[in-house]
Amino acid sequence: MRVVSGIQTTGNLHLGNYLGAIRQWVDMQDQGECLFFLADLHALTGNVSPQELANSTIEMAATLMASGIDDRAILFNQARVPAHAELCWILQGTARMGWLNRMTQWKDKAGKNREGASVGLFTYPVLQAADVLVYKATHVPVGEDQKQHLELARDVATKFNTDFGVELFPLPEPLISKAAPRIMSLRDGSAKMSKSDPSDMSRINLIDDNDTIAAKIRKSKSDADLLPDSFDGLSERPEARNLVTIYAALAGREPQSVVEEFAGQGFGAFKPALADLAVSVLAPVRDRLKRLLDDRAAVGAQLARGAERANALAAPTLKAAQQAVGLQV
């Protein structure tokens, strides 16, 4: 099994990011060959300053490394492997305008200003296809918002193979891992935890110190009722449900077992326990992250080493694609 997945180069990651994609990536390293990349080429479709992009790429790489991504996987930034962009151009001759016009994220991101949107925003699903096909990925982790993009990659692979009479690209399968917990804001149980929330108290940042983590949990929104003995009993209590979900995710337990342990107790007892747990899990990640960010050159060197390994895997596929379309004679 060869797993390929990319992540946006956004900085200032929080607990929701960690318990979602990042920790699942860490676990995937033992399931097969994994290539994880920072999608810095994709970032060019939006408004981002050069310095911001460079900094956020290093910070995201450091965060992944601090969280447990190591030499079991190949970690690199996309721009260091030219085969991504080169294969993307070849595949743009295969992809159809109608396919891209139907992409939901294009419609959502471009909105009413489609004439003013960048060409890259329209065609970046083809780059996503190249991202996985250049490594002949067998599996791609996908969430609900990315299923359509994987379907397009499969369509592109099928059409390319058929048009040129080759069996170059396998059709990547979606990797449906254990459902990541949906972590909500500490101030509003109906809103997802987000770095764009103006209130820093709404989230736990991975860089927060122990006292700040404890304070945010202590001041998080809850309610005055006691915890029930059934997780289903929290269906109408979004803030309480969120705090129990966070506890369960941090502890690697099922939410039902958590409410059974704390049944009949209020949040005066639950929040200190949650704070202690959060600090015990997140403090080592934060400390490693700080050390890595103190030596950004070393993080860049690690990305360069990952890119060497990725280039070695991508080069034969790119050459075969070039030969298939007649670019190498």
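Keep in mind the model is a prediction, meaning the values are calculated, not measured.
- Remark: the S199 side chain and the D197 side chain contain no N/O donor-acceptor pair separated by less than 3.5 Å.
- Across all their heavy atoms, A95 and V126 have their closest contact at CB-CG2, 3.9 Å.
- The two residues L121 and T45 come nearest to each other via the heavy atoms N-CG2, 3.8 Å.
- D40 places no side-chain N or O within donor-acceptor distance of the main-chain N or O of A54, the cut-off being under 3.5 Å.
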Problem set entry | Steps toward side chain to side chain donor-acceptor pair (under 3.5 Å) verdict (Q302, D71) | CA-CA 10 Å; Q302 179 69 21; D71 286 339; 3.2 Å; yes
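- Ion pairing between R154 and E173 holds under the 4.0 Å rule for side-chain N and carboxylate O.
- Around atom CD of Q323, more than 12 heavy atoms belonging to other residues, nucleotides or ligands sit under 6.0 Å away.
- Between R309 and F76, every side-chain heavy-atom pair lies at or beyond the 4.5 Å cut-off.
- One hydrophobic cluster, built from ILVMFWY side chains closer than 4.5 Å, cannot hold both M201 and I183; they sit in different ones.
- With sequence neighbours excluded, the residues satisfying side-chain hydrogen bond (donor to acceptor under 3.5 Å, both in side chains) with R286 are N210.
- Under the 4.5 Å side-chain criterion, counting only non-hydrogen atoms from C-beta, Q256 is in contact with E260.
- Between the side chains of T212 and D209, at least one donor N or O sits under 3.5 Å from an acceptor N or O.
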Exercise. Run the side-chain contact (heavy atoms from CB on, under 4.5 Å) check on T158 and T162 step by step: do they pass?
Worked result: CA-CA 6 Å; T158 298; T162 301; 4.2 Å; yes
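- Of the residues listed (H14, K216, R203), the one engaging D208 in a side-chain hydrogen bond (donor to acceptor under 3.5 Å, both in side chains) is K216, and it is the only one.
- Taking NE2 of H42 as the reference point, atom CD of Q78 lies at 4.5 Å (rounded to 0.5 Å).
- Of the inter-residue distances, the one linking D295 atom CG with R291 atom CZ reads 12.0 Å to the nearest 0.5 angstrom.
- Within a 6.0 Å sphere centred on NZ of K221, other residues, nucleotides and ligands contribute 12 heavy atoms or fewer.
- Counting heavy atoms from C-beta on, the side chains of S202 and M193 never come closer than 4.5 Å.
- Taken together through direct or relayed side-chain contacts under 4.5 Å among Ile, Leu, Val, Met, Phe, Trp and Tyr, I74 and V132 form part of one hydrophobic cluster.
- The pair R296-E59 meets the salt-bridge criterion, since a charged nitrogen lies less than 4.0 angstrom from a carboxylate oxygen.
- Atom CG of L234 is separated from atom OG1 of T245 by 8.0 Å, given to the nearest 0.5 angstrom.
- Using a 4.5 Å heavy-atom cutoff, the side chains of I207 and K290 are in contact.
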Problem set entry | Check against side-chain contact (heavy atoms from CB on, under 4.5 Å), L15 and L250 | CA-CA 10 Å; L15 179 66; L250 287 169; 4.0 Å; yes
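- Closest approach of I90 and Q322 over heavy atoms only: CD1-CG, 3.9 Å.
- In terms of heavy-atom proximity, A275 sits nearest to I217 at CA-CD1, 3.6 Å.
- For S280, the side-chain contact (heavy atoms from CB on, under 4.5 Å) partners are L277, not counting sequence neighbours.
- Within the 4.5 Å cutoff, side-chain heavy atoms of L186 are placed close to those of I246.
- Across all non-hydrogen atoms, the minimal contact from T9 to S56 is O-OG, 2.8 Å.
- Q51 and N55 are linked by a side-chain donor-acceptor pair at a separation below 3.5 angstrom, with hydrogens and angles left out of the test.
- Ring-plane geometry between F267 and F270 is classed as perpendicular, the angle between the planes exceeding 60 degrees on a 0 to 90 degree scale with a lower cut at 30.
- Looking at E52 and N47, their side chains never bring a donor and an acceptor atom within 3.5 Å of each other.
- Within 6.0 Å of the CG atom in D229, the count of heavy atoms belonging to other residues, nucleotides or ligands does not exceed 12.
- In this pair, Y247 and F262 present their aromatic rings perpendicular. The plane angle is above 60°, beyond the 30 to 60° band.
- Within the 4.5 Å cutoff, no side-chain heavy atoms of L292 are placed close to those of I58.
- Among R2, H84, E33, the single residue meeting the side-chain hydrogen bond (donor to acceptor under 3.5 Å, both in side chains) criterion with Y135 is H84.
- Taken to the nearest 0.5 Å, the CG atom of D131 stands 8.0 Å off from the SG atom of C88.
- In the hydrophobic clustering of this structure, I22 groups with L303; members are Ile, Leu, Val, Met, Phe, Trp, Tyr whose side-chain heavy atoms approach within less than 4.5 Å, directly or through other members.
- Interatomic distance, T63 OG1 to I69 CD1, rounded to the nearest 0.5 Å: 11.5 Å.
- Note on F231 and L19: same hydrophobic cluster, where clusters join Ile, Leu, Val, Met, Phe, Trp and Tyr whose side-chain heavy atoms are under 4.5 Å apart, directly or indirectly.
- Taking each heavy atom of P172 and V140 in turn, the nearest pair found is CB-CG2, 4.0 Å.
- Side-chain contact check for V281 versus Y18: some heavy-atom pair is nearer than 4.5 Å.
- Inter-residue side-chain proximity for M28 and P141 is flagged as met; some heavy-atom pair is nearer than 4.5 Å.
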Exercise. Between R187 and S185, does a side-chain contact (heavy atoms from CB on, under 4.5 Å) hold up when you go through it step by step?
Worked result: CA-CA 5 Å; R187 308 301 295 167; S185 164; 3.8 Å; yes
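- Put simply, CG on L171 and NZ on K136 are 12.5 Å apart, with the number rounded to the nearest 0.5 Å.
- When the side chains of ILVMFWY residues are joined at heavy-atom separations under 4.5 Å, either directly or via intervening members, L87 and L327 end up in a single hydrophobic cluster.
- Considering Y124, W99, F122 in turn, F122 is the only one that fulfils the ring pair (Phe, Tyr, Trp, His ring centres under 6.0 Å) rule with W106.
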